[in-house]
Amino acid sequence: MTITRVPLLDLQAQFQPIRDEVLAAITRVCDSQRFIMGPEVEALERELAVMLEVKHAIGVSSGTDALLVALMALGVGHGDEVITSTYSFFATAGCVSRLGARPVLVDIDPVTYNIDPARIEAAITPRTKAILPVHLYGLCADMDAILAIARRHKLPVIEDAAQAIGSRYHGKTAGSLGDAGCFSFFPSKNLGAFGDGGLVTSNDDDLAARIRLLRTHGASPEPSQGAQTPSDSAGGGAPAPLKVNPKYLHRVVGGNFRLDALQAAVLRVKAPHLAAWTEARRRNAARYVELFHALGLDGIVGLPTEPSGYHHIYNQFVIRVPDRDGLRRHLDAAGIGTEVYYPVPFHQQECFADLGYKPGAFPHAEAAARDTLALPIYGELTVEQQEYVVETIETFVTVKTGK
Ligand SMILES: *Cc1c(COP(=O)(O)O)cnc(C)c1O
């Protein structure tokens, strides 16, 4: 069978084998009519805490809200600064700004695309409130170096692990390395819900408690049925005043950052498959490397790396080529889906013009924005599809380079 189409992502291929299980889980929630918090969310939190090897896993409404609520729990606000990479999905810096704080941007390491730890210390000021590294594409940032700087300056570290669920760094899981880890269940992430969802992980009891409180408008959630005490007025005499439901007592100003029970139920079906799906992505990544190597293209096409001690989960497989936009058009014409993550670094975004960064401020990020392209990497990709992708790239780059 000749290949004529390779989508960037094929969620149908992942869904069909688990369709019955997922529909049963959705039906279970429908039959319970419990859509907010409740047993599905609690069970998912327990299961993911085990899977991600953390003490606390807190379901939230999105990866963006995971970042927002984690930063709120650290007390980040007006006049504060948070140090982060200039090269990530918008939410990373957007959440800092939304809290009235300033994202202090740092260039990336050109090989890993993650924040360059060697440039962090120079960005620290008395206003620095936290460091927010991103584990971009599913590869952990260099956390030993980052945590050493953080400890020296007594700064908390929030991991943006939205692309890195199951990723490891020297044996430890993404999300367990810093003070808190923020995950996204956006459908195209490695563990995707059927809509928006997210998670905050932490090993810090106090921080986790603050995040839980902020998730429900700064109030303790309604006591679950069964935990409710019987009427207080049994003692006779004047009737005691009714106890105010704790969900209407707000200790701090939070938000509605809850994860839906329906999403939790879907995620509970999908989570046990994650390790196998990740292995399939890793196998595909290794196969791409072999194919590029076999055609002698690894000198022309920059390939992703997995430094020793790292476990990459390949949320994206990102290559680097001289005429990226030309290659992208060539692949598109051949029916091959690609994406650019990300075409404009934060310091060149219109909404961050007031931060005052000049073009050229972060040359490695600007080069990555110009030269990189994400190829299809999802687990169900076939050998034939991968061969087709690499051969189609070959026809472009060999013409370009006259190789
Ligand atoms: C996806 C993503 C987010 C935001 O997650 P949402 O669930 O879409 O809100 C944040 N940071 C990074 C690096 C992401 O890739």
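Just follow the structure's listing: the first ligand is 1, and inside any ligand the first atom is 1. Everything numeric in this text was worked out from a predicted model, so none of it was measured.
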Results of side chain to side chain donor-acceptor pair (under 3.5 Å) for Thr128 - residues two or more places apart only:
none

Before accepting this row, confirm whether a basic side-chain N of the pair Glu47/Arg268 lies closer than 4.0 Å to the acidic partner's carboxylate O.
yes

Contacts of Ser61 meeting side chain to side chain donor-acceptor pair (under 3.5 Å) (sequence neighbours excluded), chain-then-number -> Asp65

Apply salt bridge (charged side-chain N to carboxylate O under 4.0 Å, His left out) to Lys172 and Glu53, showing your working.
CA-CA 8 Å; Lys172 287 191 175 173; Glu53 300 171 16; over 6 Å; no

How are the rings of Tyr342 and Tyr87 set to each other: parallel, tilted or perpendicular (split at 30° and 60°)?
perpendicular

Cationic N near anionic O, under 4.0 Å, Asp205 to Lys55:
yes

Can you name the atoms of ligand 1, numbered from 1 with element, that are less than 4.0 Å from a heavy atom of Ser88?
13 (C)

Between Thr64 and ligand 1, find which residue part has any heavy-atom pair under 4.0 Å and reply side chain, backbone, both or neither.
both

Are any of the N or O atoms of Asp196 closer than 3.5 Å to those of ligand 1?
no

Is any side-chain heavy atom of His135 closer than 4.5 Å to a side-chain heavy atom of Gln163?
no

Please confirm whether Gly198 comes under 4.0 Å of ligand 1, counting heavy atoms of the residue only.
no

Is there side-chain contact between Gln386 and Leu291, with heavy atoms separated by less than 4.5 Å?
yes

Do me a favour and list the nearest non-hydrogen protein atom to atom 15 (O) of ligand 1 with residue, atom name and distance?
Gln163 NE2, 2.8 Å

Looking at atom 11 (N) of ligand 1, what's its closest protein heavy atom, distance included?
Asp160 OD2, 2.8 Å

Contact region, Asn315 to ligand 1, non-hydrogen atoms below 4.0 Å, reads neither

What are the atoms of ligand 1, with element, lying closer than 4.0 Å to any heavy atom of Val134?
13 (C)

Establish, from distance only, whether the side-chain atoms of Arg328 and Thr338 form a donor-acceptor pair under 3.5 Å.
yes

Those atoms of ligand 1 less than 4.0 Å from some heavy atom in Thr92
11 (N)

Need the ligand 1 atom indices (1-based, order shown) with element for anything under 4.0 Å from a heavy-atom of Gly63.
4 (C), 5 (O), 6 (P), 7 (O), 9 (O)

Among Ala91, Ser184, Gly195, which one puts a heavy atom closest to atom 7 (O) of ligand 1?
Ser184

With a cutoff of 4.0 Å, is Lys189 in contact with ligand 1, counting heavy atoms of the residue only?
yes

To the nearest 0.1 Å, how far is atom 3 (C) of ligand 1 from its closest protein heavy atom, and which atom is that?
Phe89 CD2, 3.5 Å

